[in-house]
Amino acid sequence: MTDTAPDQLDDTVWVEKASLIDSIPRPVQIASVAVVFITVWQLITLSDLVPPIILPTPLETWNDMMFVGANVLSGGYMLDSLWTTVKTVLYGYALAIAIGLTLGIIVGETAFGERAIMPYLVAIDTMPKVAFAPLFVAWLGFDIDSKVALAAFIATFPIVVGTAAGLHAPDANARMLFKTMGASRWQTLYKMKLPTGLPQIFTGLKIGSVGVMAGAITGEFLGGGNGFGELIRVAASQLNTPRVFSLILYLSLVGLALFAATSYAQRVLVFWHKDRVIGAEG
Amino acid sequence: MMATARVSQLRASTGGETVYELTGVGKTYARNRVRALEGISLSLERGSFSSVIGSSGCGKSTLLKIMAGLIPPSQGRVTINNQPVRGPRRDIGMMFQHATLFPWRTTIENVLLPIEIRDGKAAAKAAWGRGEKLLDLVGLGGFESVYPDELSGGMAQRAAICRMLVTQPDMILLDEPFSALDEISRDFMNMELQRICTETNATAFLVTHSIAEAVILSDRVYVLAPRPGRIAEVVEIDLPRPRTLDMITTPKFGALVERIRTRLDKGDFE
Ligand SMILES: Nc1ncnc2c1ncn2[C@@H]1O[C@H](COP(=O)(O)OP(=O)(O)OP(=O)(O)O)[C@@H](O)[C@H]1O
Ligand SMILES: [Mg+2]
């Protein structure tokens, strides 16, 4: 491309041309999908196919989002709710990271962990984990603790698996090299295996960040409290669907922020990995 | 057996100080009962360059791993400077087919890694100047703070040479170090290796698949016969030093290559 002057671009030269749709800037691409989505949504609500109590119009939803936003910004009761849910998510994520990394290192580093502990983890992981929610409530009460526990419980497994996979990532050459340098097991772990495995570890963390949201909200559905999950439950029981929709959209922003923060940490820590972040532009 | 006798004869006939010695070394892998090596005896003099050549799977890498203290032999004695080798040592440097530079470390941080691991971060920092000098020596001056993904394959291997040399080892072990490079860079790197060995007075032991490479670099070539790996012949290379690439066309070079090739072909039928 660079060595071809624009005036030479006649039909005798054959150069690579980006397709029209790929040449649109990414924000415009994303916005256009939203426009199509909202248009379809609006058309469905106009068509009388679905009663308004089941599907609110985009405008109703937008108005409710404004209402919720105003309540949050003015320090109303929804700010407390939001803060409760955000705290649950952050505590749950922190707990999941701590336990997940520890278990992942045990499973990935020791033959015993791999042989004897991993099968149990796999067995627990195949269970429908939200079914544990009533148990956590019974054990830890209706306060935030039971929701944190459920959130952490769901998010821990992908982190364990990602960490264990990451520790298996270094090739034989790197292992041999560290052996020739007389490196201790600990040095091999934190100077070579963990950095090499960071991309896999972050894959686990990102899956975990999604799970932690699901766990926190499920916990709030089933265990009460005053989080956003409870607000959704109450709104749904009052058939206030615009409120349900707007709360869900706000929650997805929280989830997105957590995912984005994890991706950002990955970009900073795994600065050498060229095709590093899933979904990031080249 | 015959080979052992011949080697001890050679040892008697040459003068210099012995750095590294193997006596009757054998290796049987317990896992699959493969007899990888049998009765390997050799001694390497300070500043000498030796190569081992043999068909694939004849035990060359096994021999090198034993020499590096990475795996124990099943029989025999391994000594460096008259001390038994009982594990990886800082006076033994090793290099493999792949450079294996870590992408989160700059070039010089990669070079100083062996010091950081053995003596800690402070010692590595103190050795910064030595690292720079080594990078200069291999023609990588100015690339200290570049990350390895910006280095070419040949440059990466040169950085790996520096990493191997940074602990100032008495013995350097090379397992097909340049076989992943294209032929032109490979010839060039071989000449570089010769120059570096001369300048640092290193004792080198090279595993290679290439007869020409073995001959152009070595004072002595050990030809290994397979199953179990044993020394079939020791060929003294009395070409003058420093060696140059145009020596490859001389009749003497051709004769040495031919001699080793014949020996290798025979070895495969034994
Ligand atoms: N860790 C191991 N466990 C069991 N057997 C092994 C092991 N490493 C090597 N061997 C066996 O020992 C023999 C020699 O292997 P080695 O890797 O030393 O050969 P090599 O000469 O380096 O081959 P190449 O030229 O292909 O690198 C082979 O038969 C191989 O299968
Ligand atoms: Mg080999």
* **Cation-pi check, Lys206(A) onto Phe202(A) ring (under 6.0 Å, within 45° of axis)** =>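 Judged by the rule, Lys206(A) and Phe202(A) form no cation-pi pair.
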* Asked: For Arg163(B), is it the side chain, the backbone, both or neither that has a heavy atom under 4.5 Å from a heavy atom of chain A?
  ->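 Arg163(B) touches chain A through side-chain heavy atoms alone.
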* Candidate list Val254(A), Leu256(A), Thr88(A), test side chain to side chain contact (heavy atoms under 4.5 Å, CB included), partner Met213(A), passing option ->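 That would be Val254(A); it is the only one of Val254(A), Leu256(A), Thr88(A) passing the side chain to side chain contact (heavy atoms under 4.5 Å, CB included) with Met213(A).
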* **Verdict with supporting geometry, Cys162(B) and Thr107(B), side chain to side chain contact (heavy atoms under 4.5 Å, CB included)** => CA-CA 10 Å; Cys162(B) 296; Thr107(B) 303; over 6 Å; no
* Tell me, for Thr188(A) versus chain B, whether the close heavy atoms (under 4.5 Å) come from the side chain, the backbone, both or neither. =>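 Neither the backbone nor the side chain of Thr188(A) comes within 4.5 Å of chain B.
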Short question: side chain of [X], backbone of [Y] - any donor-acceptor pair under 3.5 Å?
X         : Y         : answer
Lys129(A) : Ala151(A) : no
Asp175(B) : Val207(B) : no
Thr203(B) : Gly47(B)  : yes

* To do: Pull out the residues in residues 60-70 of chain B that come under 4.5 Å of chain A, heavy atom to heavy atom, sorted by number.
  =>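 The stretch touches chain A at Lys65(B), Leu70(B).
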* Is any residue of residues 111-124 of chain B within less than 4.5 Å of chain A by heavy atoms, and which ones? ->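 Within residues 111-124 of chain B, near chain A: Leu113(B), Pro114(B), Glu116(B), Ile117(B), Arg118(B), Lys121(B).
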* Would you call the rings of Phe271(A) and Tyr147(B) parallel, tilted or perpendicular if under 30° counts as parallel and over 60° as perpendicular? ->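 Rings of Phe271(A) and Tyr147(B): perpendicular, over 60°.
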* Near Arg77(B) CZ, under 6.0 Å, is it more than 12 heavy atoms from other residues, nucleotides or ligands? ->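 Not more than 12 within 6.0 Å, no.
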* Asked: Given the rule in the ring pair (Phe, Tyr, Trp, His ring centres under 6.0 Å) test, do Phe178(B) and Phe188(B) qualify, once you have shown the distances and angles that lead to the verdict?
  -> CA-CA 10 Å; Phe178(B) 307 130; Phe188(B) 178 72; 9.9 Å; no
* Do you know which of Trp104(B), Phe96(B), Phe102(B) has the most heavy-atom pairs with chain A at a distance under 4.5 angstrom? ->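 The candidate making the most pairs under 4.5 Å is Trp104(B).
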* Given the rule in the salt bridge (Lys or Arg N to Asp or Glu O under 4.0 Å) test, do Arg195(B) and Glu192(B) qualify, once you have shown the distances and angles that lead to the verdict? -> CA-CA 5 Å; Arg195(B) 179 176 67 82; Glu192(B) 288 283 287; 3.1 Å; yes
* To do: Check whether any side-chain heavy atom of Trp272(A) sits under 4.5 Å from a side-chain heavy atom of Leu198(A), and report yes or no.
  =>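 Yes, side chains in contact.
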